[in-house]
Every structure is written in C-alpha cells, then in structure tokens.
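Worksheet: the structure to be examined is printed underneath.
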Protein chains: 2
Amino acid sequence: MAEEKKRTTRRITSVDVAREAGLSRATVSFVLNDTPGQSIPEATRQRVLQAAERLGYTPYAPARTLRSGRSDVAVFVLPDWPQGPTMAAFVERAAQVLSRAGLTLVTHVHTGDEQGLARLWTALTPAAVFGMRPFTSGELAGMRRAGISAVLPAAEEPGSDVSTTLWARGVGRLQAEHLIGKGHTRLAYALSDEPRLAALGRGRSEGAAQACAQAGLAAPTVTTIALDTEVTARVVEGWRGDVSAVCAYNDEVALAILAGMRTLGLSAPADLAVIGADDIPGGRFAAPPLTTVAQNSGELGIRIAEALLRTLEGQAPDLNLLPGDIQIVERASA
Amino acid sequence: MAEEKKRTTRRITSVDVAREAGLSRATVSFVLNDTPGQSIPEATRQRVLQAAERLGYTPYAPARTLRSGRSDVAVFVLPDWPQGPTMAAFVERAAQVLSRAGLTLVTHVHTGDEQGLARLWTALTPAAVFGMRPFTSGELAGMRRAGISAVLPAAEEPGSDVSTTLWARGVGRLQAEHLIGKGHTRLAYALSDEPRLAALGRGRSEGAAQACAQAGLAAPTVTTIALDTEVTARVVEGWRGDVSAVCAYNDEVALAILAGMRTLGLSAPADLAVIGADDIPGGRFAAPPLTTVAQNSGELGIRIAEALLRTLEGQAPDLNLLPGDIQIVERASA
DNA sequence: GTCGGCAGCTTACACGTGATAGTTCCGGGT
DNA sequence: ACCCGGAACTATCACGTGTAAGCTGCCGAC
C-alpha cells in the first residue's frame, strides 16, 4: 500500500525546489552552487533562492559526496587516555581553521580494537584524518581504499610522529633544562602507571635524558609510580639523598608526589624540586604552586589543520615543532 | 585525455568484485549483506567473499546511505567548555554500546555559532544525535529536514534536559545534603566566573537550594569567583563567621578556595568545610584531600546510548536519573 | 535574409549501492 | 507430455546530486 512509503516524511530534494520555482533541477543546482560559466538573470536566481528558502531545502550530503567523490568531514582520532583542557583547545582551534575551508571537524575516540578504525572511515568517508599516533600500513591501506585523501601523520615519513615522539620529547627536554638551570645535577623521572600513557611517558623521559646528556649529566632515574599518596611517599624516601629534583610525567603525577612529600614533612623545592607537565588548572592551587610545562596546543591545532588543508591540495604537509609551542610556567615547586 | 580519469586511483566497487567472482553485482550484494530470502550455495558464497577479500573491497558509505536512507553514524554534540575525565568515560562507554548496534560514534564540539550545527548534520547525516543541552525548535526542524531520526534530548518533553537541569541539580543537591548531614546550617555556593559554565552552575546551585529548603534551611549565598588565590582569599574572609561550609561548582573552584584559605592560615574542614564536584584526579592530593561528588558518567553514557537506540526503533526514550549515578566521595575537606 | 553566437535554459548521464521483479534451468508430480 | 515450483542467478530501478552536452529563441552582423 501507499502507507508504507508515506510512513517516513519525505525528504525535500532539489526536485521539489525546481517544481516550486517552475524551473529545471539543473538551473536550481547552478544557482545554489554558484556554478561558474552559467548566465542566470537575477530574477531567476531570486526565484530559486526563495523557493529553496520557502521549502527549507538542504542538500543531502551522501548524494553530494557520492557524486563529487569528496566529503566535507575531517576527523581527529584521539587516543582513549584521559584528555585534559590541552586537547580541548587543540581541537577547538583546529575546528575553526577547518571550518573556514568548509570542513566540519569531528573527533572519534579510538578504544584500541582493530576494526573500530576501519568502521570509522567506512561509515564517515572523511576527506581528511588526523591521528595522535602514526597509522600502521594496514590502516593506511584501508584509508586509501576508502578514498581518504589527506592523512596525518603519514607513516611514510619517520619524523612526522607529532605527539608521541617529537612533541613528547620536547616536553621532557624542557622540564629537565629548567631543573638543570636551577642548579640540579641529579634528576629523577616519574612516570604514571596508567598503561595507556606508557608510550607518551617514554617519549617525555627520553627528552629529559637528552637534555641531561647535553649538559654532561647522568640520565634521570626513571620510576613508574601509582597515583597514591602512600606509594609516592615511599618513592620519595627512596630518592632522598640521591636526586634533588624530579620531573613528573604530568601534573597529576606531580601533585601526587607533592602529597607524598607532605606526609613526610618535606617541602618543595627545598627538599626536592618538582616540575609537572600539561598545566592543569589545579596546579596553581597546590601547596606549593606547581611549576609545570604548558603546551600551546591551540597554536598546534591551527598548524595541524593548515597542514591537513595543504595535504588536501596535494602539497607537502610541512609540520614542525616551533619554539614557543612549549613553555615553562614557573611557580614555586621548582 | 584518459589521464584525467586515472589521476585519482579508482575506487574498488562491487562491480569489480562481481567481475572478479564471475557473477553479477546483485549476487555479490546478496552475499555481502546476507540478504534474507535468497538461496545461495556455499561455493558461490565463498567465491564472492574471497574475491572481495582479494580486492580489498569496502562498501562506499555515501552510496549505501543514499540508497538506504540511513547512516551508521551517531554524533554527540559537546559544549565547548573544558571537558574532564568525566566526559571521556561518558563518551567511551556510549561508543561501546552504539558500536555493538553497528553505529560509529563521533563527537563534535559546538563553539556556539549558529550555522555550525547546521553544517554538522548537513555534512554527516547522522542517524542519531545527542546533545548536552536541549535543542532549539529551529535546530530540531533543521535536523528533521536533514533526515535525522533520533535526537536526544527532544525539546518537546520539558523534563528531558539531562545535563543542564536534572543532572546538574542532582549534583548540587547531593553536595548540600552531605554538608547538612555534617551539621552545617548555613551554606555558601561558589560558582566559576567562566561564562560558558554559567548555565550548568545555575543548575547545580539550584539543586543545593532545593536541598536546603527541604531541610528547612535558608538558601546558600551564591558567589561567583575568579580562579585566583588572592581573590578566593578575600571571598573566604567575607564568609567567615557567616557560613560554615561551601559547595564549589567543581573541584577546580574548590581547590582555589582551599588555596585561598591556606594563605589566611585557615584549614578545612575546621574553619570552613569545602566540597567540590566532578572528582578530578588532583583532588585526592590536595591539602586536605578534597571531598567531592563523583558522577558515574560511564553508566550514564551507556543509558544514553541505549535510549538513542530505542528512539531509533521508534520507541520512547525513557531516560531518567538513577540513584547511584551520582555519589559522594568523602575525603577530609568536608 | 541568412546565419553565427550567446543568453537562458533543459535533458541526460554518472556516482555506488540495496532490493524488487524477473529469467533460466532442472527435477518431479500428474 | 506437460507444467509446477524452487534453486540460482541477473536485469533494472531508485536514491539525490553535479555537470557536460544539447536545445531554443533572439539579436546583431554580413
């Protein structure tokens, strides 16, 4: 029966607009897309625009994508570790830049299962994809098959792993350089025991080791600690008399260390200097206020987005870490 | 010339699979979709599957969506205020549930501009949309035109505003009830000066006011404070002798208050009890450790996802706040 | 007066998929 | 001898869009 077809309210298509305006569908398309090389009198143009407005016409993205072969979606694949305000600023600024180019940015948290990513670009067919870790060759092949034209970081170029390698090392390096500048000669590095943060932690501690080597110092003692006051207190006791300053993987680890020190009656930076990373809001209100490394992630988001757009046009990405992307925020703890 | 067409590597379609398998495209479709009502011998089935595997065939989402009228994408529209681990768990669990139903979840941060949302569902044509705030009637009309079948919260039902009203009030109510249970009779509520958090803050403070009214107490004094130690110190001085306990909008505000108290030589909870909200990791390491309200956001994510799926099938959403969704985490500060 | 050219349209195809309505072939019942 | 019915496929349409190609007047130029 006809009821079956009437069940779902019919979509308004350009055919409806054409009928409403008394013109052909092609003319409607020419007007709505400002197709160059067409001569359309202003009267006709207005007739189409008003008809479209009256009916509330919205072009149907799947059909448009099917026809043109290109979608207006960009997707950022985020890791499933907890994201702070740093990532929020990153995504927000990137979205602004992409939006100006007509792209809509969405994010997808990747929980680690193999086929989750495949289903993502199968369901979305984005024009561009950015990930925090380099994609495997299998993933890249799948994306190419799905017709995705711009991918960052492209696994082919080894130095392009923005977050895990380059970026993380920069953070660790800056932490260590600050402590060395304060006269410390024997450092420790405290990693989080959250397994998903292991790769990033390795990057940051390697950066600190680089800075130490450059200053002619021994590499930091690397310890993985649980976020528990009693546990950190014991670790701090182990450090006493050996190291005079500690780089924490992030501000939360740093706060845990400060809490452990507090139970021992120790205080930073006199007994042990502590520096964090990521500049979470709570760090300012610690006792003592936490010295940390802030990442200008908004700026990075803008540059990533611009690199994606450049890739879409077939140019080289050109993505580098700039001075000023990472900064020391000096408070009292180091 | 033909070069133009060869420029972009051709997409592998079901036509290619059909040719490879020596069958028609229809048969390929029947096999790959397990279309019921077809009798296909196992040999043919394997022939198709292996051909598809060999060529690395992936169905093209836009064409599939165009044909079926339904996409496999769900999108969560998130506000642009900074998101903590609470929201991460929420999205992660919801994604799991939706994934089991064949839907891919993506998130989109909405920066507030009017046409950003319109472009979102124009570019994505999601099957389902969830937002943290109720949508305006104009937005709903646009989504219906774009063919989105499930939207939560639907603006029609007034009590369905999960986050801003129901959820936020529940948090404020629990904060106040805990303090009242500790014997406090005169409370204050401290809001953040971040303008984007104003609506949520109003909801939480209203919940606290409800709890006070229920206990026969006066409503809390509501103060908006900047996240600055000196500013909070002055506000705390103003409270002295008047209120004995304060609910903070969130843990960051609470930490700022504790820092302000510290500069005055005061300590919680003896001089002023402080309770936060959201249970950020750093709260455990404050001095004193912060009592707060934890939201079981993972559970909520699951229920929201299930409600979306139910809506997709045409049933009523049935979305309520359950006991156990919000819990007091009692530490030392209150 | 005929004809090229251009403004102002329309007709028709392609994109890749899902599914309906067939078509062919073959074995078995009457 | 005939047909019925099911197994195993295939031909074809529809989805909504962008655009290349074609069509019709009308005006000015020779």
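Only heavy atoms go into these numbers, but all of them, side chains included; no hydrogens, no water, no symmetry mates. Residue numbers start from 1 in every chain, and the chains themselves are labelled A, B, ... in the order their sequence lines are given, proteins ahead of strands.
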With side-chain contact (heavy atoms from CB on, under 4.5 Å) as the criterion, how do Leu140(A) and Arg144(A) come out once you've worked through the C-alpha distance, each side chain's angles and the decisive distance to 0.1 Å? CA-CA 6 Å; Leu140(A) 282 173; Arg144(A) 201 163 312 138; 4.2 Å; yes
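- Following rounding to the nearest Å, Arg25(B) (CZ) and dA19(C) (P) show an atom-to-atom distance of 12 Å.
- When rounded to the nearest whole Å, the span between CG of Asp72(B) and P of dG18(C) equals 10 Å.
- One interatomic measurement links the two molecules: CZ of Arg11(B) to C1' of dA14(C), which rounds to 15 Å at whole-angstrom precision.
- No donor-acceptor pair closer than 3.5 Å links the side chain of Arg11(B) to the backbone N or O of Tyr60(B).
- Taking 4.0 angstrom as the limit, Thr44(A) places a side-chain polar atom (N or O) nearer than this to OP1 or OP2 of dC9(C).
- For the pair Arg303(A)/Asp325(A), a side-chain contact is recorded, criterion being any heavy-atom separation below 4.5 Å from C-beta on.
- The closest side-chain donor-acceptor pair between Glu92(A) and Gln96(A), if any, does not fall under 3.5 angstrom.
- Place Ala26(A) and Ile40(A) on DNA chain C by their nearest nucleotides, and Ile40(A) ends up nearer the 5' end.
- For Ser24(B), the side-chain atoms get nearest to dT10(D) when compared with the rest of dA7(D), dT10(D), dA19(C).
- In this model, the phosphate group of dG16(C) is not approached by any side-chain N or O of Ser14(B) to a distance below 4.0 Å at OP1 or OP2.
- Among the heavy atoms of the strands lying under 4.0 Å from Thr13(A) are primed sugar atoms or P, OP1, OP2 only; no base atom is included.
- Salt bridge annotation for Asp34(B)-Arg45(B): present, with a cationic side-chain nitrogen under 4.0 angstrom from a carboxylate oxygen.
- Residues of residues 49-71 of chain A having a heavy atom closer than 4.0 Å to DNA chain C, listed by number: Leu66(A), Arg67(A).
- For the pair Asp72(A) and Arg64(A), the salt-bridge criterion is not met [side-chain N within less than 4.0 Å of a carboxylate O].
- Arg19(B) places its CZ atom 14 Å from the P atom of dT10(D), with the value rounded to the nearest Å.
- For the pair Thr27(A) and dT10(C), the criterion of a side-chain N or O lying under 4.0 Å from OP1 or OP2 is met.
- Using a 4.5 Å cut-off on side-chain heavy atoms (C-beta onward), Leu32(A) and Leu49(A) make contact.
- With rounding to whole Å, Arg45(A) atom CZ is found 14 Å from dC9(C) atom C1'.
- Of the candidate nucleotides dT10(D), dT11(C), dC9(C), dC9(C) has the atom lying nearest to any side-chain atom of Leu23(A).
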Nucleotide N/O of nucleotides 21-27 of chain D paired with protein N/O under 3.5 Å:
none

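- Partner of Trp121(A) under the side chain to side chain contact (heavy atoms under 4.5 Å, CB included) criterion, chosen from Leu124(A), Leu117(A), Thr125(A): Leu117(A).
- For Leu32(A) and dG18(D), the CG to C1' distance is 12 Å, given to the nearest whole Å.
- Counting to the nearest Å, the P atom of dA8(D) and the CD atom of Glu42(B) are 12 Å from each other.
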Go through it in stages, so that I can follow the logic: the residues are Tyr57(A) and Asp16(A), the test is side-chain contact (heavy atoms from CB on, under 4.5 Å), and I'd like the CA-CA distance, side-chain angles, deciding distance and then a yes or no. CA-CA 9 Å; Tyr57(A) 169 68; Asp16(A) 300 313; over 6 Å; no
